[in-house]
Amino acid sequence: MLDIRRIAEDSHGVEEALRNKGVDAPVAELLALHEKRRQTVTEVEAKKNERNVVSKELGARKRAGEDISEQQYAMRELAEHIRGLDQEVRDLEERLYDQLLALPNLPHASVPVGADASGNREVRAWGTPRAFPFAPKPHWEVGQRLGILDFERAARLSGSGFPLLLGDGARLQRALIQFMLDLHTREHGYLEVAPPYLANPAAMTGTGQLPKLQEDMYQLPADSLYLIPTAEVPVTNIYREEIIEKPLPIRHVAHTPCFRREAGAAGKETRGLIRVHQFEKVELVKFVEPDRSYEELESLVSDAETVLQRLGLPYRVLELCTGDLSFAAAKCYDIELWAPGHDGWLEVSSCSNFEDFQARRAGIRYRAANGKPAFVHTLNGSGVALPRLLVAIIENYQEADGSVVIPEALRPWMQGQERIAPA
RNA sequence: GGAGAGGUGGCUGAGUGGCUGAAAGCAGCGGUUUGCUAAACCGCCGUACUGGUUAUCUCCGGUACCGGGGGUUCGAAUCCCCCCCUCUCCGCCA
């Protein structure tokens with residue numbers, strides 16, 4: 001959520017920043033609501049002061065045995081007036097709040113201006129795609145022949161877009177999760193957490209999934225809960241409505257399943273494991289002091305990159321332009337893996353600095369150097385998402401005979417197994 | 001799911017209609033004492049909104065907040081209603 005006072009101070013700057021993100025913000029209307037609310041609050045508070053003063057006086061006179069029924073009648077009218085003004089303030093605040101909740105975050109000044117993904121900038125690339133002596137196959141062919149992926153039976157269970165891993169496929173995924181959790185906790189200083197997979201509307205609003213992205217989520221209306229689309233939601237909301245007293249930064253890593261409806265998506269970009277309704281992900285989340293959040297963003301990206309480097313998978317890092325930034329992000333890097341069978345790049349991580357956007361929505365604060373409460377900056381990034389990581393491993397490490405070599409760095413988590421061969 | 005108990009400031013814990021933004025203790029901050037540490041003593045010590053003042057971190061007021069929402073009353077932490085959460089017991093269950 002944006003700070004209405006910041007909008008008031010620099011309405012033109014805010015308008016332009018939002019336009020770069022492709023949003024036409026009703027700034028004038030927001031400011032009018034804000035001003036009207038302030039006036040009404042001032043008015044009702046004066047009335048309440050009067051009520052408090054007179055009530056105290058009436059109490060004393062009543063105890064002294066005076067007849068105060070006439071004044072009580074006048075006070076009843078005052079109370080009625082106050083009730084009306086209170087309602088007016090509530091209405092104004094609700095309208096203002098709803099509008100502010102619908103506004104996306106402002107892009108950071110360093111973010112390149114652009115309308116869509118074509119404006120993204122490659123900041124670096126790592127690794128060299130392997131030269132194949134044969135035509136590399138897509139992962140769904142390799143995986144189905146190995147018997148580690150079964151899309152048809154999965155569809156019978158749940159519908160299309162739900163993965164079913166079998167045997168060494170399931171085992172490979174489990175090993176990758178362990179490998180990543182161990183890496184981030186032992187070498188990168190993250191504290192592992194195992195959060196709930198269902199979250200309430202307040203949590204979803206805190207991180208920015210609500211109100212805009214309601215249609216993208218699986219809902220459980222009987223219990224007013226949503227299945228989490230990412231561990232970002234439960235982990236970031238751990239400190240909702242708190243003034244964090246422990247020292248910052250706080251770095252958390254969590255492995256969770258993620259659920260996304262992905263309504264409308266279909267075609268080449270969704271084949272096999274590339275875009276699914278349910279997937280596993282290891283997520284990194286940070287709570288940091290505002291003046292350190294951009295260096296923490298760089299180290300976050302680097303922590304995710306380490307996973308791919310250890311596994312020997314070629315990737316590139318993109319800096320997203322203003323038009324491609326997600327709703328809540330001020331700045332974001334995507335990491336994309338090379339997938340030779342798919343013959344394209346696959347996003348496996350998205351590392352964002354939300355600055356105080358989520359913190360303001362969720363009420364996550366810390367004590368600044370002057371002892372006053374202030375909003376933290378929140379960041380998160382995948383470290384990394386499993387299905388596309390599996391795709392990249394299967395496609396990059398496939399052999400002519402249809403087997404898949406297990407990356408050396410992963411073998412300790414696979415009890416030394418070196419390859420997945422046809423059964 | 002059923003029955004009961006309870007939700008007060010960072011923590012513990014008083015408070016059943018006005019004298020309570022809230023006793024007391026702990027923790028924290030500042031100071032005195034001290035060779036250092038500790039102890040002792042003194043003071044400070046919630047959040048948000050809002051008016052004025054001021055150099056953005058100042059100062060002086062006001063309003064609201066004792067799980068959330070609504071109500072009764074001139075006046076509610078305190079009385080009533082609904083909801084949420086925690087604990088105990090029973091039931092169910094991985």
Side-chain angles (χ1 to χ4, degrees), chain A residues 1-10 13 30-98 100-101 194-206 220-226 234 237-248 250 257 287 289-291 356 359-376:
Chain A
M1 189 160 62
L2 301 180
D3 183 357
I4 185 66
R5 277 176 277 211
R6 175 164 176 196
I7 299 176
E9 277 166 24
D10 181 23
L30 282 169
L31 294 180
L33 278 172
H34 179 232
E35 189 52 36
K36 177 73 179 159
R37 184 200 86 95
R38 225 176 52 197
Q39 286 169 8
T40 313
V41 163
T42 305
E43 187 185 350
V44 73
E45 285 187 353
K47 301 283 184 203
K48 285 179 177 174
N49 182 30
E50 183 187 343
R51 177 177 67 184
N52 291 344
V53 168
V54 175
S55 286
K56 191 171 270 188
E57 184 193 320
L58 287 186
R61 285 168 58 185
K62 190 179 181 185
R63 269 191 304 279
E66 288 186 40
D67 174 18
I68 57 169
S69 51
E70 200 169 307
Q71 288 85 345
Q72 281 181 352
Y73 181 75
M75 287 293 281
R76 218 168 298 161
E77 290 200 324
L78 180 63
E80 205 48 54
H81 189 197
I82 288 172
R83 220 189 306 273
L85 286 173
D86 267 341
Q87 186 57 47
E88 204 175 314
V89 170
R90 270 197 296 274
D91 290 346
L92 287 164
E93 284 179 346
E94 194 184 329
R95 283 164 62 194
L96 185 59
Y97 187 62
D98 285 350
L100 284 174
L101 275 187
Y197 303 154
L198 302 180
N200 61 32
M204 288 296 175
T205 305
L220 285 73
D223 298 286
S224 293
L225 291 168
Y226 296 85
N237 279 287
I238 289 174
Y239 302 102
R240 186 160 66 83
E241 301 299 332
E242 271 194 48
I243 299 172
I244 300 174
E245 301 289 350
K246 55 182 126 175
L248 300 179
I250 293 169
F287 304 83
E289 293 181 51
D291 58 358
D356 65 4
R360 178 170 277 110
R361 289 177 157 239
I364 306 170
R365 294 177 293 169
Y366 76 111
R367 297 236 173 242
N370 63 7
K372 296 257 167 67
F375 291 113
V376 300

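Just so you know, these numbers use all the heavy atoms, side chains as well, and skip hydrogens, waters and symmetry mates. All chains are named by letter (A, B, ...) in the order of the sequence lines, taking the proteins before the strands, and each is independently numbered beginning at 1.
Residues passing the salt bridge (charged side-chain N to carboxylate O under 4.0 Å, His left out) test with A:R37 are A:E93, sequence neighbours excluded.
The A:K48 side chain lies nearest to B:rA64 when the options are B:rC74, B:rU50, B:rA64. Listed nucleotides: B:rA48, B:rU50, B:rG18. Nearest to the side chain of A:H34: B:rU50. Of all nucleotides listed (B:rA48, B:rG18, B:rG51), B:rG18 comes nearest to the side chain of A:K62. Comparing atom distances between the A:N52 side chain and each of B:rG18, B:rG46, B:rU63 picks out B:rU63 as nearest. Nearest nucleotide to the side chain of A:S55, out of B:rC49, B:rU47, B:rG75: B:rG75. Distances were taken from every side-chain heavy atom of A:R90 (C-beta onward) to each of B:rG70, B:rG62, B:rU50; the shortest belongs to B:rG70. Proximity note for A:P373 (side chain, C-beta onward) versus B:rU72, B:rC74, B:rA48: the nearest is B:rA48. Out of B:rC49, B:rG51, B:rG46, the shortest distance to the side chain of A:R367 is found at B:rG46.
Between the side chain of A:R361 and the main chain of A:L101, a donor-acceptor pair closer than 3.5 Å is present.
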Tabulate below the donor-acceptor pairs under 3.5 Å that side-chain atoms of residues 195-206 of chain A make, not counting sequence neighbours, or state none.
from: A:N200; atom 1: OD1; to: A:A202; atom 2: N; distance (Å): 3.3
from: A:N200; atom 1: OD1; to: A:A203; atom 2: N; distance (Å): 2.9
from: A:T205; atom 1: OG1; to: A:P201; atom 2: O; distance (Å): 2.8

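Side-chain N/O atoms of A:R365 include one lying less than 4.0 angstrom from OP1 or OP2 on B:rA48. Within the 4.0 Å cut-off from OP1 or OP2 of B:rU50, not a single side-chain nitrogen or oxygen of A:R38 is found.
Position along RNA chain B of the nearest nucleotide to A:M75 versus A:Q87 favours A:Q87 as the more 5'-ward residue.
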For RNA chain B, what string of dots and brackets results from 5' to 3' when Watson-Crick and G-U pairs need both distances under 3.5 Å, crossing pairs get [ ], and pairs with another strand get |? ((((((((.[[[..)..(.....]]].(((((.......))))).(((((((......))))))).[[[[[..)....]]]]])))))))....
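Side chain A:E45 to base B:rG62: a donor-acceptor pair is found below 3.5 Å.
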